[in-house]
Amino acid sequence: MTSSPRPLPVLRAVTSVTTRTHCPYCAFQCGMAVTSVTAAETTVEVKPDPDFPVNRGQMCIKGFTSADLLDHPARLTAPLVRSAQGRLVPATWDAALDFVAERLLKLRATYGAAAVGAFGSGALTNEKAYLLGKFVRVALGSPNVDYNGRYCMSSAAGGQNKAFGLDRGLPFPLEDIARTKTLLLWGANSAETMPPIMQWVHAQHAQGALIVVDPRRTETARVADVHLQLTPGSDLALANGLLHLAITEGLVDAAYVAQRTTGFEAVRRAAMEAHPAHVERLTGIPIDDQLRVVRMLAAPSSMLLSGRGPEQQSKGVDTVLAFTNLMLALGKVGQPHSGYGCLTGQGNGQGGREHGQKADQLPGYRLIENDDDRAAVARVWGVDPASLPGKGKSAYELLDALGPEGGIRGLLVFGSNVAVASPHASHIARKLAALELLVVCDAFENETSQTAHVLLPITQWAEEEGTMTNLEGRVLLRQRIREPPEGVRSDLDIMAALAERLGHGPSFRYANSEAVFDELRRATAGARADYSGMTYQKIRRGQGVFWPCPGQEAGEHPGTPRLFGERFAFADGKARFHVVRHRPAAELPDADYPYYFTTGRYKEHYNSGAQTRRVTALIEAKPEPKVQVHPRLAQRLGVAQGARLLLESRRGSVSFTVDVSPDIRPDTLFAPFHWGGRGAANVLTKPALDPTSRMPEFKVCAVRARPEGADAPSTSTAKRSA
Ligand code: SF4
């Protein structure tokens with residue numbers, strides 16, 4: 001018996017290339033080493049970069065799994081256009097772009113330029129955010145551009161601008177956190193939102209005191225020396241109360257206040273109205289705890305860092321000003337390893353708010369209503385300053401104005417899932433459905449694209465180059481790892497192609513992303529967020545560059561890791577105190593809706609979940625949103641662990657699986673906001689807006705609750721419990 005010769009194995013060359021880049025998700029922007037291995041097919045491996053000084057070899061599960069979406073089977077790889085029968089059908093790029101441009105021109109001719117607009121994102125690179133602002137003002141001629149960072153950072157930005165004359169989330173590098181004697185994390189669950197930051201917090205805690213203020217006993221609160229579990233919406237009252245005690249305890253740094261600030265006397269008088277006993281009633285925080293905390297903050301160095309808890313309120317800016325008042329009075333801002341900062345959320349939440357996709361801003365934090373700023377940017381753009389539109393509508397107001405009633409008939413959405421991320425989400429879904437043109441540019445279908453007329457498939461992080469600015473104000477370079485799939489284009493290419501069809505082609509022809517950055521540098525020269533002294537090469541050479549980094553004729557500016565050491569960003573160099581008084585949330589529990597409802601995050605998911613709900617490991621770890629319920633309240637409501645509980649607010653109802661936990665206050669219910677559909681927490685939230693920042697009040701509203709299937713209570717019969 002003879003055997004046929006065995007086939008020889010086919011030898012394929014295996015190549016492997018490692019590139020250093022950054023995680024596509026949160027503002028921590030972990031450094032990653034991404035290895036592209038090509039054998040029979042190409043695979044991508046992601047590891048934390050041990051040399052990057054921010055994450056220092058750590059990442060969270062979202063970063064580790066970030067490559068899973070690159071070749072995801074649900075990824076869009078061709079434009080989709082809605083047919084006369086209402087179905088989305090594949091189209092060529094030319095056909096889809098022609099359709100969009102024709103509709104935009106028609107809407108503009110019929111209703112005026114303000115009838116079209118765009119909604120951007122804190123996930124966009126600086127180049128995309130910059131170009132989007134230019135595209136809307138120049139190619140569309142509309143004032144209506146804003147972005148989802150309005151839901152994230154606008155109150156912290158508003159407060160810092162008023163107090164310091166400049167908003168950079170952290171005015172110091174992360175390493176300063178490790179060296180402060182007292183660290184107060186206010187409404188920031190960092191252990192879940194950006195886990196690698198905890199290495200800095202743990203280093204701080206090893207030599208100092210850690211305080212957490214949060215209505216929930218979060219993973220972050222669990223490691224603190226002091227946890228103040230305050231009543232939702234009472235942050236401003238507590239901060240004013242701490243200032244009152246700083247004054248009465250003699251902890252105010254009078255020399256610092258005299259030399260480096262203005263306006264203290266009026267604030268001192270107002271703070272004396274915040275009596276500790278009254279503050280205790282409003283906040284639930286005993287006077288002894290208030291005293292203990294203010295004494296801890298008076299340590300030789302101390303730092304107060306806020307998150308979205310106190311900021312996502314209809315008084316978010318005033319609450320941030322209460323924080324800056326407190327830290328200025330203690331003489332901490334601009335001192336070594338001390339001061340106030342906010343922990344930015346989205347990947348490019350910092351750069352995204354600097355370069356002109358905000359309704360009231362032009363690149364570099366220039367203001368659209370300032371004549372000098374308009375002239376400076378118009379010069380770079382080669383247009384008449386008078387042709388630039390004025391201030392547009394803020395994010396929620398823009399969405400609320402969609403459709404015939406509000407007058408915005410056409411909307412382009414870049415990288416934002418507004419149907420899930422917006423307060424009163426069902427209302428916003430109805431508004432989106434009333435549009436005559438909705439264009440969604442994204443890598444996947446999502447809740448916002450459900451009523452879109454056109455979907456344009458875009459590149460993901462590994463397939464493009466561009467800069468991101470992290471929570472410290474450090475500008476980083478996102479590097480291209482691989483070619484994008486056939487049929488996919490960058491947002492930059494989409495804007496350029498549409499501008500061409502709208503008659504503005506020459507102003508939007510760039511060789512690449514770096515060419516857009518070069519124009520951004522010129523547009524920001526001399527502005528508050530000055531990038532003019534940076535280049536891709538310089539960013540690549542170092543570990544990022546902190547802004548401001550002005551261009552210099554001789555020598556290279558090194559960037560500015562620390563702000564406010566010598567002066568604040570006002571003409572006189574002094575910081576400003578502001579009188580701010582407590583006021584209640586726009587909606588408080590009452591007889592009909594007797595509980596507080598508040599929202600937050602899971603560590604496995606990111607924002608609206610449009611990406612992370614598609615990652616197998618993440619959805620297996622956290623498959624659904626749960627409502628956190630205190631055991632006493634669970635007993636009163638008659639629900640046990642795993643039961644279904646229906647939550648109702650004045651805006652809608654959502655049913656959640658119950659998670660019974662002593663970590664939440666008995667008067668409060670909590671759910672994450674990463675889901676749409678049946679688990680959409682933002683169906684419940686109230687779009688009460690901060691008067692300055694236009695930030696919606698995501699963190700406080702009133703709800704009632706009953707086991708799913710139980711009869712609805714008649715109004716005014718529900719009793720306040722617990
Ligand atoms: S999500 Fe944030 S913390 Fe997690 S890996 Fe990415 S950048 Fe780092």
Side-chain angles (χ1 to χ4, degrees), residues 19-35 44-70 121-126 148-149 152-153 169-170 173-175 177 185 188-203 218-220 305 307-308 342-352 415 417 460-462 466-479 481 543-544 600-615 617-619 621-622 672-674:
T19 309
R20 298 195 187 285
T21 189
H22 298 275
C23 172
Y25 293 113
C26 85
F28 210 63
Q29 284 296 290
C30 287
M32 311 196 300
V34 182
T35 305
V44 175
E45 295 168 4
V46 176
K47 288 188 179 151
D49 180 350
D51 299 325
F52 189 59
V54 172
N55 55 312
R56 298 193 302 184
Q58 295 190 14
M59 286 201 312
C60 78
I61 187 171
K62 296 187 290 289
F64 278 112
T65 55
S66 54
D68 289 20
L69 292 176
L70 296 175
S121 164
L124 302 181
T125 60
N126 289 320
N148 62 10
C152 184
M153 299 314 304
L170 294 182
L174 281 154
E175 65 195 56
I177 293 176
L185 295 175
N189 182 13
S190 310
E192 294 216 57
T193 54
M194 44 180 69
I197 199 175
M198 293 306 284
Q199 63 186 296
W200 299 106
V201 175
H202 291 315
T218 59
E219 271 191 37
T220 317
L305 304 180
R308 301 303 79 75
C342 72
L343 297 167
T344 299
Q346 292 193 79
N348 198 27
Q350 179 67 55
N417 190 5
Q460 294 191 52
W461 58 277
T467 58
M468 305 283 280
T469 306
N470 82 348
L471 76 171
E472 309 163 282
R474 186 195 297 254
V475 183
L476 309 165
L477 189 61
R478 170 183 281 183
Q479 312 234 50
I481 313 296
Q543 297 282 18
R601 294 164 189 262
Y602 285 158
K603 68 161 121 7
E604 294 83 359
H605 289 285
Y606 181 69
N607 281 5
S608 74
Q611 295 149 286
T612 52
R613 282 186 276 128
R614 293 187 183 275
V615 177
L618 301 180
I619 206 70
K622 230 23 139 199
F673 60 83
H674 308 296

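Please read these numbers as outputs of a predicted model, since none were measured by experiment. Read the numbers this way: they start at 1 and go in the same order the structure lists the ligands and their atoms. The figures that follow rest on heavy atoms only: side chains count, while hydrogens, waters and symmetry mates do not.
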Gap separating the [atom1] atom of [X] from the [atom2] atom of [Y], nearest 0.5 angstrom:
X      : Y      : atom1 : atom2 : result
Arg478 : Thr467 : CZ    : OG1   : 9.5 Å
Met198 : Glu192 : CE    : CD    : 10.5 Å
His605 : Lys62  : NE2   : NZ    : 9.5 Å

Taking distance alone, no hydrogens or angles, what donor-acceptor pairs closer than 3.5 Å link side-chain atoms of residues 19-26 to residues at least two apart or in another chain?
from  : atom 1 : to     : atom 2 : distance (Å)
Arg20 : NH1    : Asp49  : OD1    : 3.3
Thr21 : OG1    : Gln479 : N      : 3.1
His22 : ND1    : Gln29  : O      : 3.1

Non-hydrogen side-chain atoms of Met32 and Trp461 separated by less than 4.5 Å: yes
Residue shell around ligand 1, heavy atom under 4.0 angstrom: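 For ligand 1, the residues that come within the 4.0 Å heavy-atom cutoff are Cys23, Tyr25, Cys26, Gln29, Cys30, Met59, Cys60, Lys62, Gly63, Met194, Pro196.
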Working for side chain to side chain contact (heavy atoms under 4.5 Å, CB included), residues Leu69 and Gln460: CA-CA 9 Å; Leu69 292 176; Gln460 294 191 52; 3.6 Å; yes
